[in-house]
Amino acid sequence: MAVLGLFSGVRAARPWQRVACAAAGFQGRSLGKSYAVSRAQSQPTFGFLLDIDGVLVRGHRVIPAALKAFHRLVNAQGKLRVPVVFVTNAGNILQHGKAQELSALLGFKVEPDQVILSHSPMKLFSQYHGKRMIVSGQGPLVENAQILGFKNVVTVDELRMAFPVLDMVDLQRRPKTTPLPRNDFPAIEGVLLLGEPVRWETSLQLIMDVLLSNGNPGTGLATAPYPHLPVLASNMDLLWMAEAKMPRFGHGTFLLCLETIYRKVTGKELRYKGLMGKPSILTYQYAEELIRQQAERRGWAAPIQKLYAVGDNPMSDVYGANLFNQYLQMAKHERAEKLGASGLLKQRSSATQSCASILVCTGVYSPKAPGSTEPAQGGEEPPFHGHRDFNFSPGLIEASHIVNDVDEAVQLVFHKEGWAL
């Protein structure tokens, strides 16, 4: 179970504030007061964490406001004026491929180490890198797993080929004869879920077979082992926004299916050893470190104290940024308590002090769209689209600021920080 729900009750829950996108410009509700705009600064003390789908692009089409935003963010030399990291819950693509895609769309060079995919923090889970893992997803699946450090992976298709009788939903793929049983297939030691697969019925069936057989899907056990084999997963988004008018199913929907089937079959909860991607605190810590490294490479000596997370999904982008902000405030308070008593209160100069959430209206979030988190008529709470392991708190899906698009988000931040537009 994810450890991150621990922080979800800290912020007092408040009713969702109804704010129409058209009235949510940076000069309105978001600012609250006026800010003087000074000349452009040479030493930024803030950075951006930018979501991609629904903020910068819709499918393969760039959102026009994104081009305007980067016209402000990039200087005459084609360099970023402030540190920027792209934090996406996508995972069925290579990091350098996503960087190249963004470079072509946005018109400036995006480096691979500026892109965080949903599974990027799995590099930290070295205790599982040597285990034989079944990996689920699509695209450059094995290459992604190897980049993350996993040395011995088996795909769902490879497992299906080894045990043809396991995949029985598609009548066209059922074996015409019964193959001989195999006893030479090494046991699987864990499950790696990197993104939504193509044939959900096959992946769900074979992953369940692995879990129920303790990694030996060619055999059967009288009782399902529990605790089960370790499961690592990334991307908890129930929905995401592409070219279609309504949101599409994300990997969170696949995880929901797997969790529901496992509970129905065994009577127990599926547990995760690691759950990554927004809104996981681990993802934001990873992003914070990349922001710090980026500032260091650019020679910016001033510590990056504020992060601004811009996204379109209240349940992942806003929830995650607010959760991370709570974590930062708690960490700061604990440092003060520990050091204050001895008179040695001295905060680390590179420590991030806050993370503000900025919600845009160009993607999943839309007050009147199906699947949005606007309250239903009669004042009912919106349905919780977040993952099971993250406790629901209405205050956590309330953005610090709501604006029309990413360009207004950048303008808002520059005004707040006293930077020239």
Side-chain angles (χ1 to χ4, degrees), residues 1-7 49 85-99 111-156 158-159 186-195 207 210-211 214-216 225 227-236 251 255 258 270-294 296-297 320 323-324 327 331 348 350-352 387 389-390:
M1 186 171 184
V3 299
L4 309 177
L6 165 67
F7 301 100
L49 309 181
V85 165
F86 302 90
V87 188
T88 177
N89 269 353
N92 293 320
I93 189 172
L94 293 172
Q95 190 178 30
H96 68 80
K98 197 66 176 177
E111 300 294 342
D113 59 7
Q114 288 179 274
V115 177
I116 298 179
L117 303 175
S118 61
H119 47 63
S120 294
M122 285 188 183
K123 294 176 182 178
L124 306 175
F125 286 73
S126 57
Q127 67 269 40
Y128 301 107
H129 289 172
K131 293 185 179 295
R132 184 172 170 81
M133 308 284 283
I134 183 171
V135 58
S136 170
Q138 59 181 289
L141 197 56
V142 173
E143 189 175 353
N144 259 328
Q146 291 172 343
I147 289 171
L148 294 171
F150 295 93
K151 303 175 180 66
N152 190 1
V153 295
V154 179
T155 67
V156 170
E158 288 172 339
L159 184 62
I188 293 171
E189 300 173 285
V191 179
L192 189 60
L193 307 174
L194 297 186
I207 291 168
V210 168
L211 293 172
N214 206 34
N216 296 282
H228 52 69
L229 293 174
V231 179
L232 300 175
S234 65
N235 186 358
M236 297 163 271
H251 192 222
L255 297 180
L258 180 61
L270 182 73
R271 301 297 184 189
Y272 298 94
K273 293 296 184 181
L275 200 50
M276 280 139 278
K278 297 173 292 187
S280 163
I281 286 178
L282 182 61
T283 293
Y284 287 85
Q285 290 174 318
Y286 196 84
E288 176 191 19
E289 176 60 17
L290 292 189
I291 286 280
R292 187 194 65 78
Q293 292 177 8
Q294 190 179 141
E296 190 176 83
R297 285 196 303 272
L323 194 64
F324 184 53
Y327 168 80
R348 191 163 50 95
S350 62
T352 303
H387 188 266
D389 290 356
F390 290 75

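Small disclaimer: the values here were computed from a predicted structure and weren't measured.
- With sequence neighbours excluded, the residues satisfying side chain to side chain contact (heavy atoms under 4.5 Å, CB included) with Leu232 are Met122, Phe125, Tyr128, Met133, Phe150, Leu192, Lys273.
- Using cut-offs of 30° and 60° on the angle between ring planes, the pair His387 and Phe390 is perpendicular.
- In this structure, Met276 CE and Ile281 CD1 are separated by 14.0 Å, a value rounded to the nearest 0.5 Å.
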Checklist entry - Does the salt bridge (Lys or Arg N to Asp or Glu O under 4.0 Å) test come out yes or no for Arg292 and Glu288, once each step is laid out? => result CA-CA 6 Å; Arg292 187 194 65 78; Glu288 176 191 19; over 6 Å; no
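- Under the 4.5 Å side-chain criterion, counting only non-hydrogen atoms from C-beta, Leu258 is not in contact with Val231.
- None of Val87, Leu49, Asn235 except one satisfies the side-chain contact (heavy atoms from CB on, under 4.5 Å) rule with Lys278; the exception is Val87.
- Within the 4.5 Å cutoff, side-chain heavy atoms of His228 are placed close to those of Arg271.
- We find the CD1-CG distance between Ile188 and Leu159 to be 5.0 Å, quoted to the nearest 0.5 Å.
- The CD atom of Glu158 sits 9.5 Å away from atom CD1 of Ile134, with the distance rounded to the nearest 0.5 Å.
- Residues Asn216 and Ala187 approach most closely at OD1-CB, 3.5 Å, considering heavy atoms.
- Contact between His119 and Ser234 at its shortest, heavy atoms only, is CB-OG, 3.5 Å.
- Atom OG1 of Thr88 and atom CD1 of Ile116 lie 10.5 Å apart (nearest 0.5 Å).
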Next on the checklist: Could you go through Tyr327 and Gln285, starting from their C-alpha distance and side-chain angles, then the distance that decides it, and tell me whether this counts as side-chain contact (heavy atoms from CB on, under 4.5 Å)?
Outcome noted: CA-CA 10 Å; Tyr327 168 80; Gln285 290 174 318; 2.9 Å; yes
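- For the pair Leu211 and Leu270, the minimum side-chain heavy-atom distance is below 4.5 Å.
- For the residue pair Glu289 and Gln293, a side-chain donor N or O sits within less than 3.5 Å of a side-chain acceptor on the partner.
- In this structure the side chain of Leu193 reaches within 4.5 angstrom of the side chain of Ile207, judged on heavy atoms.
- With sequence neighbours excluded, the residues satisfying side chain to side chain contact (heavy atoms under 4.5 Å, CB included) with Leu124 are Leu282, Tyr286.
- Residues Val85 and Ala287 come closest through the heavy atom pair CG2-O, 4.3 Å.
- Heavy atoms only, all atoms of each residue included: Pro225 and Asn214 are closest at CG-CB, 3.7 Å.
- Asn92 and Pro140 get closest at one heavy-atom pair: O-CD, 3.8 Å.
- Applying the salt bridge (charged side-chain N to carboxylate O under 4.0 Å, His left out) criterion to Arg297, with sequence neighbours excluded, gives Asp113.
- Contact annotation: the side chain of Asn89 never approaches that of Met236 to less than 4.5 Å [non-hydrogen atoms, C-beta and beyond].
- Looking at every heavy atom in both residues, Leu194 comes nearest to His251 through C-CE1, 4.3 Å.
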